[in-house]
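Notes follow the structure.
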Amino acid sequence: MTRTTRPVSWIKAALKEFETFPEGARSICLAALTIAAEGSKADIAKPMLGLGPGVFEVALRFRGDAFRVVYAVQIAEELWVVHAFQKKSTQGIKTPRHEIDLIKDRLRRLKEMLR
């Protein structure tokens, strides 16, 4: 059985944000994205509810900080990374509203662009 790994594409702003993560956090997130590209789901990835099917969030605690990478698997043939951010919220595990709005906006624009 051959496994097909989907290409991983990045929205430019998400890549720019991701590049600010510490090296160790980046490599853990990249490993999770690779697992997703191979059709599985990493332990640190979970579906993002309310954003439609196929949208997942890699949630990483790293040296006392929280990092998030949001990707979509049901847009075109590749896996799209739509957002990356360091969570500074004090509201527990809840993703801040402005981050959710940004993700929704990027998903909408990406779908329009790929039509």
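Between Asp65 and Arg61 there is no salt bridge, since no side-chain N of the basic residue sits under 4.0 Å from a carboxylate O of the acidic one. Between Glu17 and Arg106 there is a salt bridge, with a side-chain nitrogen of the basic residue lying less than 4.0 Å from a carboxylate oxygen of the acidic one. Remark: Arg6 does not engage Glu78 in a salt bridge, criterion side-chain N to carboxylate O under 4.0 Å. A salt bridge between Asp105 and Arg108 is present, with a side-chain N of the basic residue lying under 4.0 Å from a carboxylate O of the acidic one.
Annotation: side chain of Leu102 is in contact with side chain of His83 (closest heavy-atom distance under 4.5 Å). Contact check for Met48 versus Ile100: side-chain heavy atoms found under the 4.5 Å cut-off. When side chains are defined from C-beta on, Phe67 does not count as touching Lys87, because their heavy atoms never get closer than 4.5 Å.
The heavy-atom pair separating Ala42 from Ile35 by the smallest distance is N-CG2, 3.7 Å. Ile28 and Leu60 get closest at one heavy-atom pair: CG2-CD1, 3.7 Å. Considering all non-hydrogen atoms of both residues, Pro7 and Glu77 come closest at CD-O, 4.2 Å.
Residues passing the ring pair (Phe, Tyr, Trp, His ring centres under 6.0 Å) test with Phe18 are Trp10, Phe21, sequence neighbours excluded.
Within the structure, the side-chain hydrogen bond (donor to acceptor under 3.5 Å, both in side chains) test picks out the following pairs touching residues 22-33 (sequence neighbours left out): Glu23-Arg26. Sequence neighbours left out, not one pair with a member in residues 29-55 passes ring pair (Phe, Tyr, Trp, His ring centres under 6.0 Å).
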